[in-house]
2 protein chains.
Amino acid sequence: MKRATIYSIAEVCGVSASTVSRAFSRPEVVNPEVRELIHAKARELGYRPNKAARELATGRTGMIGLLVHDVANPFFPPLVRAIQRAADEMEAAVMLVDADESSAREVGLIKQLKGQVDGLVIASPRSSSALQEAAEGLPAVVVNRRMRGFPSVVCDNTAALTEAGRHLEDLGHRKVALMCGPSASWAARQRAATVRAWAQGTRVTLVELGSFAATFEGGREAARALVGSGATAAFAFDDLMACGVLSGLAEAGVQVPGGCSVVGCDDVLLARAVTPQLTTVTAPVDRLGRAAVDALRRCIAGEQVRDVRMDGSLTLRGSTGRPA
Amino acid sequence: MKRATIYSIAEVCGVSASTVSRAFSRPEVVNPEVRELIHAKARELGYRPNKAARELATGRTGMIGLLVHDVANPFFPPLVRAIQRAADEMEAAVMLVDADESSAREVGLIKQLKGQVDGLVIASPRSSSALQEAAEGLPAVVVNRRMRGFPSVVCDNTAALTEAGRHLEDLGHRKVALMCGPSASWAARQRAATVRAWAQGTRVTLVELGSFAATFEGGREAARALVGSGATAAFAFDDLMACGVLSGLAEAGVQVPGGCSVVGCDDVLLARAVTPQLTTVTAPVDRLGRAAVDALRRCIAGEQVRDVRMDGSLTLRGSTGRPA
DNA sequence: TTGAAAGCGCTAACAC
DNA sequence: GTGTTAGCGCTTTCAA
């Protein structure tokens with residue numbers, strides 16, 4: 001009682017194995033009647049093509065790798081889900097690998113992945129030339145950062161962050177803190193640059209704090225720096241940090257938004273789960289994931305792929321308000 | 001300039017391909033000198049065994065599937081990470097598939113996975129006979145629930161929840177709410193049963209609310225029910241729900257823990273990110289993941305595998321205190 | 001439109 | 001210890 005193969009089907013249908021193969025891979029070239037017969041029998045026998053055999057013959061695995069910096073960071077799971085869905089639609093399976101926050105592991109993982117996947121989506125905020133080198137020869141796209149040598153799919157937060165700045169200014173804030181993320185992070189640099197650019201030519205004084213780790217703890221640390229800064233509002237690098245800031249401020253007895261307003265970035269689940277809920281920049285995660293897979297598909301097909309950028313949007317919630 | 005194969009190495013070394021194959025798969029049976037030569041040349045040529053070929057020959061893929069109900073639920077990412085690490089150590093790759101919270105999708109996914117993986121870790125809170133049927137013939141273990149027909153690795157929260165109950169009683173609570181999770185969830189039933197059992201024979205009156213969705217929103221809904229209940233403390237099904245409860249209580253103007261204490265379960269990242277931080281039952285996620293992979297390995301090897309249970313532990317934080 | 005046949009890279013008897 | 005050989009299941013020329 002073995003699994004059905006093209007041979008067993010061929011036998012049942014009285015045709016050759018190659019015809020069965022073609023009935024699936026290039027249906028249009030086989031006689032419609034024969035094709036239908038083959039499909040019918042295949043279904044009946046529960047035929048499922050053997051991926052390994054196909055891979056061995058074609059060199060294609062039907063899998064795409066997804067390298068994430070740290071699955072436990074709340075930004076990633078929705079992205080993983082989105083990528084998975086998109087891959088699903090193109091009949092590809094996703095092999096997830098978590099770099100465990102270690103850039104060193106990343107290059108090892110990529111090398112392992114090579115030959116196991118047809119292409120790679122890199123969702124890692126840090127760059128490294130070692131990483132580029134490791135991915136050499138493997139079609140790959142980078143998501144949520146730009147990186148030399150790879151097509152990228154990024155969320156552009158410029159407009160939304162600028163809007164957030166104006167929002168703070170409108171509320172009457174005149175001294176705003178910028179709590180920077182890790183300088184190795186592309187997104188952190190981008191966001192910081194955006195906020196600085198916005199502050200130019202406004203009546204707002206920008207106080208730069210940090211950098212801090214892009215973690216909850218990093219945010220608590222940032223809060224301690226924030227308390228003495230005199231700022232009445234603050235941009236956190238991301239929502240995770242922003243939540244840490246909320247926690248730190250609460251501990252210091254500072255009301256939010258009365259004593260200090262806080263703006264996050266990404267709009268992860270967490271952002272809605274804290275009190276007050278975070279004003280933040282919402283990233284179009286589903287679209288990012290879909291675009292990444294799509295770009296990768298084209299990479300694999302050998303097409304030239306252009307960078308994709310899509311805008312984040314400002315989402316106002318309870319963590320911003322008038323200074324007391 | 002093609003990739004090295006056992007043949008190219010064989011040629012360079014002046015031995016047969018089988019010897020090269022053996023030098024890797026069963027090194028002890030080949031002449032040490034020859035073996036070293038082969039390994040040296042292999043390294044030099046950058047040889048990486050072709051997984052597809054091996055799979056085709058052996059029938060083993062070297063991959064394990066990981067079916068999660070919803071990666072975006074904060075409970076899962078750390079588990080995914082742990083499983084991944086453990087799999088890594090046994091040279092297996094993890095294929096993650098997200099059921100997108102749909103039990104129906106789960107069975108489809110399992111069928112797809114079949115033949116692509118050597119075994120399956122099922123991390124899904126809902127049972128279904130369809131699921132069992134789908135996994136028929138595929139070595140599989142279930143994590144964080146028990147399920148007929150599969151070995152399971154679960155966190156037993158009985159002791160810790162009971163301890164939490166005593167803690168509340170000691171603090172002076174006499175009316176405690178139990179906010180039940182989805183009745184389809186094994187964990188929800190377990191936890192509810194534990195809390196009920198604890199309440200028996202104490203001076204505490206238990207008020208059962210729900211069931212509610214195991215989501216943040218479900219928690220907010222639960223909070224509305226909680227407010228009118230007269231309870232001064234509440235067990236939430238899990239941390240996510242507990243966070244929703246905090247949010248709902250804040251909205252209703254109820255202080256935590258002064259107006260109402262809240263106990264969560266799982267100790268996800270979120271639990272520490274909210275204010276006040278949640279008193280909760282900490283699950284040994286890393287050990288759960290490791291045990292699951294280990295059990296699966298043995299399943300695949302054909303060994304008889306027994307259920308594994310490990311205890312959760314009570315973690316006291318700010319969300320519990322004396323009733324005002 | 002179909003079939004025969006070679007081959008993808010590796011493993012696993014089996015014989016030496 | 002080592003080589004020979006026969007597959008694993010599929011794709012893909014090439015002929016018919």
Side-chain angles (χ1 to χ4, degrees), chain A residues 1-39 41-42 45-63 91-93 112 114-118 300, chain B residues 1-39 41-42 45-63 91-93 112 114-118 300:
Chain A
M1 197 53 195
K2 314 194 50 172
R3 251 176 76 156
T5 68
I6 50 170
Y7 293 103
S8 57
I9 294 174
E11 196 174 339
V12 175
C13 296
V15 298
S16 79
S18 1
T19 303
V20 177
S21 173
R22 281 191 285 258
F24 292 107
S25 45
R26 309 174 54 229
E28 67 281 6
V29 309
V30 1
N31 183 316
E33 292 179 15
V34 183
R35 190 209 307 145
E36 289 319 317
L37 174 63
I38 291 173
H39 284 168
K41 287 295 177 194
L45 297 175
Y47 170 69
R48 325 236 329 127
N50 180 316
K51 304 255 187 186
R54 173 174 294 171
E55 173 179 350
L56 188 53
T58 61
R60 301 261 224 52
T61 65
M63 290 203 280
E91 322 256 74
Q112 272 198 21
K114 233 165 169 168
Q116 287 209 69
V117 299
D118 297 333
I300 294 172
Chain B
M1 198 54 200
K2 313 192 51 171
R3 251 175 76 156
T5 69
I6 51 171
Y7 293 104
S8 56
I9 295 174
E11 196 174 339
V12 174
C13 296
V15 297
S16 80
S18 6
T19 303
V20 176
S21 173
R22 280 191 286 258
F24 292 107
S25 44
R26 309 173 55 227
E28 68 281 5
V29 308
V30 2
N31 183 314
E33 293 179 16
V34 183
R35 191 209 306 143
E36 289 319 316
L37 174 63
I38 292 173
H39 285 168
K41 286 296 177 193
L45 298 175
Y47 170 69
R48 323 236 329 128
N50 180 316
K51 304 255 188 189
R54 174 175 293 171
E55 173 179 351
L56 188 54
T58 62
R60 301 258 225 54
T61 65
M63 291 203 281
E91 323 255 73
Q112 271 198 20
K114 233 165 171 166
Q116 288 209 69
V117 298
D118 298 333
I300 294 173

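Chain letters run A, B, ... following the sequence lines, proteins first and then strands; every chain starts at 1. Any value given below was found using the heavy atoms of this structure, including those in side chains, with hydrogens, waters and symmetry copies removed.
Distance CG/A:Leu56 to CZ/B:Arg54: 13.0 Å, rounded to 0.5 Å. Annotation: the span from A:Met63 atom CE to A:Lys51 atom NZ amounts to 8.5 Å, rounded to 0.5 Å. Summarising the geometry, atom CD belonging to A:Glu55 is positioned 6.5 Å from atom CG belonging to B:Asn50; distances are rounded to the nearest 0.5 Å. With values rounded to the nearest 0.5 angstrom, B:Ile38 atom CD1 is found 5.5 Å from B:Cys13 atom SG.
Mapping heavy-atom proximity under 4.0 Å, the span of DNA chain C touched by chain B runs 5' to 3' from C:dG9 to C:dA13.
The side-chain heavy atoms of A:Arg3 and B:Lys114, taken from C-beta on, include no pair separated by under 4.5 Å.
In this structure, the side-chain hydrogen bond (donor to acceptor under 3.5 Å, both in side chains) partners of B:Asp118, at least two apart in sequence or on a different chain, are B:Thr61.
Within the helix from C:dT1-D:dA16 to C:dC16-D:dG1, the inter-axis angle between the opening and closing five-pair segments is 30°, rounded to 10°.
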Reading nucleotides 7-14 of chain D 5' to 3', which nucleotides get B (base under 4.0 Å from a protein heavy atom), which S (sugar-phosphate only), which -?
BBBBBBB-
Sequence neighbours excluded and cut-off under 3.5 Å, please list the side-chain donor-acceptor pairs for residues 19-31 of chain B, or say none.
residue	atom	partner	partner atom	Å
B:Thr19	OG1	B:Ser16	OG	3.3
B:Ser25	OG	B:Ser21	O	2.9
B:Asn31	OD1	B:Glu33	N	2.8

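Under the 3.5 Å distance criterion, the side-chain polar atoms of B:Ser8 are left unmatched by any main-chain donor or acceptor of B:Ala4.
Within 6.0 Å of atom CD in B:Glu11, 12 or fewer heavy atoms from other residues, nucleotides or ligands are found, so the atom counts as exposed in its surroundings. By the neighbour-count criterion of 12 heavy atoms within 6.0 Å, atom CZ of B:Arg60 is sparsely surrounded, having that number or fewer from other residues, nucleotides or ligands.
Within residues 27-35 of chain B, the residues approached by DNA chain D to less than 4.0 Å at the level of any non-hydrogen atom are B:Val29, B:Val30, B:Asn31, B:Val34, in residue-number order.
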